[in-house]
Amino acid sequence: MRNSVKKYLSEKFNRDVVIEIPKERSFGHFATPIAFSLAKELKKSPIIIAENLVKEFVNHSFFAKVEALKGYLNFTLSSDFLSSHANESLIAGENFGRNREKTEKILLEFVSANPTGPLHIGHARGAIYGDTLLKIGRHLGYKIDSEYYINDAGRQINLLGLSIFVIGNIEVLGREMKLPEEFYRGDYIIDLAREALLKFGESIFNDLNHDENISKLSHWGKDEMLIVIKNNLKAVDIEFDKYISEAELYSDWNRSLEKLKNNNGVYEVNGKLLLKSTNGGDDHDRVIVRENGIPTYLAGDIIYHNFKFERDYNKYINIWGADHHGYISRVKSAIDFLGYDSSKLEVLLTQMVSILKDGQPYKMSKRRGNFVLMNDVVDEVGSDPLRFIFASKTPDTSLQFDLNDLMVEDSSNPVYYINYAHARIDSLINKSSFSKSEIRQANLNNISDENRDLLFQALRLPEILEDSFNSRQTQKLADYLKNLASNYHSFYNSSIIIGSNYEKELLKLSLVVANTIRVGLKILGIEAKYRM
RNA sequence: GCGUCCUUAGCUCAGAUGGAUAGAGCAACGCCCUUCUAAGGCGUCGGUCACACGUUCGAAUCGUGUAGGGCGUACCA
């Protein structure tokens, strides 16, 4: 709707026209401050310009009313316009908002947590934010592939094996042994050690210097962790198109390195190879191959990004935790030296999360890792509220919330609140003596102004999705659904629907609202409830 | 120090490419079930948008600076 109005006005005035939604309802559905920008060129007061412009909109099919107010042009949409959109939305059903076919191909990488432990709550934020963006984008017709990059090569995997070995000795076999500071810890390592004992027998815990044993534990442990991670994700309904293994890509290292060298992106100092990452704005150049010939962590990212760009997408989006922001300049400079356009890579950061329960910092009971596990939270509050809270907050501010707030079953919990509106509508439809098809055929041309505003709001989903995706701000969709539900509850309370002279019309309006809620929630990864 | 994200009501957070009186939920206090789900609605209270200067017809929004906080600043991942 907004786009068609914007397009129409832009063509009419032969310039880009700013369209906004006035906060004050009596000002109409859309408004434009165009007279202010024309004032300078025409050297006339915006108020007079606006009054003159109004005259050009008499008997227009889009608008029931166009008026000039303090220099603004305010547009009230016509019932014809709204009611034809309402019909389109009901016909589209679950595809409401999907009408546009985009050609842009996007590769979206997110989570990519190391397979050395279960996902924690920070990962959950990135996972849900990324998956929500993915769902919005796909609904809008973008071709998006999702990937999880597994850091399954390098020291951290070896460290996982060592940690299982040492903790197994201490906690499972009751032996005396020192646990070095940098080792992984937490109940999940003990669980792994117990399973390892069953699988490999006690002998695997006998010799710390036995490389084969550690290697066995490392690789097996990594595979187990990957299963755990995939289960953590599945619990909030997230699945990736592809999992890319660093270890499998490693054979491509020489090819990537050649490219960097050919583009003059590396140099040698004391037997080490450095990447000229200062080109991308980094503080200093970074080592990519050590003196002993072993590539650093950054090398893996270089290979992976080479592999990404060889597959020719229009855009690459990475979602990283804020603690990785220092990596952006390194990876971007590497992409440039690989011979690709680093501006095609967009890195989105999610800030830290802290959790309260009963107003107190949430600590895992009986767990000795320092972070809150994603799985514990999902077990406690369920997938829907967690998905909603992460989708409803801007990713670039640190976030704190109380688990109790997510478990409450009243209007303070947006998931319940929105579902309740949806369930109420279904209940009305069932109570009515009219059939659904009779209701759908009702004519919405003569509904009241207030009800027309509700209809207008329910039909805004497509433009909200566009805005939400383009700005990468999923909370716009979440907020929109909450507001729509709120307005529906108001509507519900202010008029009796069943038995009214306008029963069919009011129910049709309700159906439009319900469809928008259902589609919107689905995109947020939540199935709307029909009964509560 | 440098980089980066942030600072809006007592609390948790929204505020569209700068625009018309700054928004919601919680908390507090009132009111509304002889009516379709009161798991709801309506209302009151509450803000020099951290601070200063600047750009603009117009700034919570843009720029510069100051103060405060998170994160990062490894030949660790």
Side-chain angles (χ1 to χ4, degrees), chain A residues 2 16 18-24 27 31-33 36-37 39-40 45-46 69-72 74 114 116 151 154-157 159 182 269-274 281-284 286-292 294-298 300 321-329 349-352 354 356 359 389 392-402 405 408-414 416-417 419-421 423-432 463-464 467-468 470-471 473 475-476 478-479 482-483 485-486 488-500 503 506-507 531-532:
Chain A
R2 184 194 179 119
D16 192 42
V18 174
I19 303 287
E20 45 192 63
I21 313 252
K23 283 169 223 159
E24 174 62 47
F27 291 169
T32 177
F36 290 93
S37 32
K40 233 183 270 172
S45 126
L69 189 64
K70 290 196 250 175
Y72 288 86
N74 293 337
N114 289 344
T116 52
N151 285 109
R155 272 181 60 176
Q156 78 277 11
I157 297 302
L159 198 58
E182 72 272 22
V269 175
N270 301 332
K272 306 167 226 180
L273 215 53
L274 280 84
D282 200 1
D283 296 344
H284 47 268
R286 304 285 163 173
V287 174
I288 53 173
V289 182
R290 302 177 180 91
E291 250 175 308
N292 59 14
I294 298 175
T296 63
Y297 180 76
L298 186 55
D323 53 341
H324 282 68
H325 81 256
Y327 247 72
I328 298 173
S329 56
L349 301 174
T350 55
Q351 296 289 326
M352 302 293 125
S354 59
L356 302 175
I389 190 149
S392 67
K393 307 293 175 190
T394 176
D396 47 28
T397 177
S398 51
L399 170 65
Q400 184 179 50
F401 61 90
D402 196 308
D405 294 345
V408 178
E409 306 199 345
D410 64 24
S411 62
S412 68
N413 183 341
Y416 270 82
Y417 187 71
N419 268 321
Y420 187 34
R424 274 181 151 173
I425 294 170
D426 195 60
S427 164
L428 287 177
I429 300 294
N430 289 332
K431 278 225 162 65
S432 173
E463 60 206 52
I464 299 293
D467 190 22
S468 205
N470 290 336
S471 61
Q473 301 278 306
Q475 79 273 15
K476 290 181 180 179
D479 280 354
K482 208 161 57 176
N483 284 329
S486 168
Y488 189 78
H489 285 305
S490 273
F491 161 78
Y492 181 94
N493 272 272
S494 66
S495 44
I496 306 235
I497 295 161
I498 303 294
S500 143
E503 180 172 329
L506 299 179
L507 286 175
R531 203 131 309 172
M532 298 181 72

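Protein chains get the first letters and strands the later ones, always in sequence-line order, with residue 1 at the start of each.
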Answer with base, sugar-phosphate or nothing: what part of the nucleic acid does A:S329 contact at a heavy-atom distance below 4.0 Å? nothing

Scan A:P46 against the nucleic acid and name what it touches under 4.0 Å (heavy atoms): base, sugar-phosphate only, or nothing. nothing

Closest of B:C36, B:G40, B:G72 to the A:D323 side chain is B:G72

Measure from the side chain of A:S412, starting at C-beta and using heavy atoms only, and say which of B:U73, B:C26, B:C36 lies closest. B:C26

Heavy atoms under 4.0 Å, any strand shown: does A:F401 hit a base, just sugar-phosphate, or nothing? nothing

Going by ring centres under 5.5 Å and near-parallel planes (under 30°), is A:F27 stacked on B:A20? yes

Counting the atoms with a prime plus P, OP1 and OP2 as sugar-phosphate, which does A:A39 contact under 4.0 Å by heavy atoms, base, sugar-phosphate, or nothing? nothing

Taking a pair as Watson-Crick or G-U wobble with both distances under 3.5 Å, which nucleotide is matched to B:G18? none

Taking pairing as Watson-Crick or G-U wobble with both contacts under 3.5 Å, can you name the mate of B:C62, or confirm there isn't one? B:G54

With sugar-phosphate meaning primed atoms plus P, OP1 and OP2, does A:I19 contact a base, only sugar-phosphate, or nothing at under 4.0 Å between heavy atoms? base

Taking B:G72, B:A74, B:C13 as options, the one with an atom nearest any side-chain atom of A:Q400 is B:C13

Counting any heavy atom closer than 4.0 Å, what does A:R286 reach on the DNA or RNA strands: base, sugar-phosphate only, or nothing? sugar-phosphate

Please lay out, stage by stage, how A:T32 and A:E20 fare under the test side-chain hydrogen bond (donor to acceptor under 3.5 Å, both in side chains). CA-CA 6 Å; A:T32 177; A:E20 45 192 63; over 6 Å; no

Is A:T32 touching bases, backbone alone, or none of the nucleic acid, heavy atoms closer than 4.0 Å? nothing

Side chain of A:M352, heavy atoms from C-beta onward: which of B:C26, B:A38, B:C71 has the nearest atom to it? B:C71

Rounded to the nearest 0.5 Å, how far apart are OG1 of A:T296 and CG of A:L274? 9.0 Å

Quick one: label A:T397 by what it contacts on the DNA or RNA (base, sugar-phosphate, nothing), any heavy atom closer than 4.0 Å. sugar-phosphate

Between B:A77, B:A39, B:A14, which nucleotide gets closest to the side-chain atoms of A:Q475? B:A14

Which of B:G40, B:A20, B:C36 is nearest the side chain of A:Y492? It is B:C36

Could you check whether A:Y327 gets within reach of a base, just the sugar-phosphate, or nothing at all, counting any heavy atom under 4.0 Å? base

At under 4.0 Å between heavy atoms, what does A:I294 touch on the DNA or RNA strands: base, sugar-phosphate, or nothing? nothing

When all nucleic acid strands are considered with a 4.0 Å heavy-atom cut-off, which category describes A:A478: base, sugar-phosphate, or nothing? nothing

Going by modelled atom types, is there a donor-acceptor pair between the base of B:G3 and the side chain of A:H325 at under 3.5 Å? yes

Per the atom types in the model, does the base of B:A20 pair as donor or acceptor with the side chain of A:N74 at under 3.5 Å? yes

